[in-house]
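Can you read through this structure? Questions will come right after.
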Amino acid sequence: MPDASTYAVAESLLAFWAEAGVDAVLLDEPLDRIEAGKILPPRPAPSPLAVATPPPRPGSVVAAAPDVSAAVAQAQALAAAAHDMEALAAAIAGFEGCGLRFEGASTKAVCWRGLQGAPVMVIGEGPGAEEDQQGLPFVGRAGKLLDKMLAAAGLSDRVLITNTVFWRPPGNRTPAPHEQAICQPFLERAIQLTAPKMLLLAGGASAKSLLKKDEGILSLRGRWFEWRSSDGAIELPAMPTLHPAFLLRQPGAKKRAWSDLLTFTERLDRPERPA
Ligand code: URA
């Protein structure tokens, strides 16, 4: 029976591979899946677009969404009707179209913290246990490291911090693309209302979702991309960087994150050329 430290090492290694973009595990010997399939009982394939059906809640604003496109449409309508960040946070809190809300998160939505109207929005992956408890993003160990990094880069009071999803994924798993898609109208509205100059995308799940990229974070980090809202009305410079939770596991990678932050801040503070 492996001891706890073996599990911790395995978990850290798997997390490292996931951050680096490894999404398939291959055996040394090929496996004939056609032959293997003959002896396995057939399993019904789950629909990738299925959304958990939430139990009815008294006084809720929105009923359960039957599928992703309906949930996205609901989120779009609610987001568009929110004319300030307070109204947007209330709309998110009342939204029941994202299955994450019913998969172990406390019912608290975790929206954002920081400066309203900030020139920088930091977008992480999704709330963890501590964030779920406090109802604020990046307040656990990773958040404390993020705060230190932002302070060192002179960004502390110039950021609004949020996530791609507003409820904690169970077991801190990576949010699924359909969960991010359902939350995206709220995130886009938050970006529109905040009107930042730039986006800092913390970790692969954030970078891939916002930039629609398949590459791993180790290849995306430190590069400039153009983020575009789904209606094409907003375009902003966006830089992916390493997630602070990854840096806690791989402290040797901190210098790369630091170099990203310096590049990011240099552009933010670069005087604009007169037209
Ligand atoms: N990790 C994230 O991506 N977001 C948080 O809010 C906390 C940890």
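Whatever order the structure lists ligands and atoms in, that order sets their numbers, starting from 1. All values reported here derive from a predicted model rather than from experimental measurement. The residues of the chain are indexed from 1 along the displayed sequence.
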Does ligand 1 have an atom that lies less than 4.0 angstrom from a heavy atom of Gly140?
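No, that is not the case, since the closest heavy atom of the residue is not under 4.0 Å from the ligand.
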
Report yes or no: does Glu130 have a heavy atom closer than 4.0 Å to ligand 1?
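Not so, Glu130 does not reach ligand 1.
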
Mind listing the side-chain donor-acceptor pairs of residues 84-93 below 3.5 Å, one per line with the distance, residues two or more places apart or on another chain?
{"from": "Asp84", "atom 1": "OD1", "to": "Glu86", "atom 2": "N", "distance (Å)": "3.3"}
{"from": "Asp84", "atom 1": "OD1", "to": "Ala87", "atom 2": "N", "distance (Å)": "2.8"}

At what distance is the nearest protein heavy atom to atom 5 (C) of ligand 1, and which residue and atom is it?
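Minimum-distance protein heavy atom for atom 5 (C) of ligand 1 reads Gly126 O, 3.4 Å.
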
Can you tell me how far apart CD1 (Ile217) and CD (Glu215) are? Round to the nearest 0.5 Å.
10.0 Å

Modelled atom types, side-chain donor and acceptor of Ser230 and Glu188, under 3.5 Å:
yes

Geometric N/O contact Asn163 with ligand 1, under 3.5 angstrom
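Yes - when backbone and side-chain N and O of Asn163 are compared with those of ligand 1, one distance drops under 3.5 Å.
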
Atom CZ of Arg228: over 12 foreign heavy atoms under 6.0 Å:
no

Under 4.0 Å from a heavy atom of Gly124: which atoms of ligand 1 are those, numbered in the order shown and with their elements?
3 (O)

Do Pro137 and ligand 1 have an N or O pair less than 3.5 Å apart?
no

Which atoms from ligand 1 have a heavy atom of Glu125 less than 4.0 Å away?
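Going through ligand 1 atom by atom, the ones under 4.0 Å from Glu125 are 2 (C), 3 (O).
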
Where ligand 1 meets His243 - atom numbers and elements under 4.0 angstrom, heavy-atom basis
1 (N), 2 (C), 3 (O)

Does CZ in Arg141 sit with more than 12 non-hydrogen atoms of other residues, nucleotides or ligands closer than 6.0 Å?
no

Would you please say whether a donor-acceptor pair under 3.5 Å links the side chains of Glu130 and Gln134?
yes

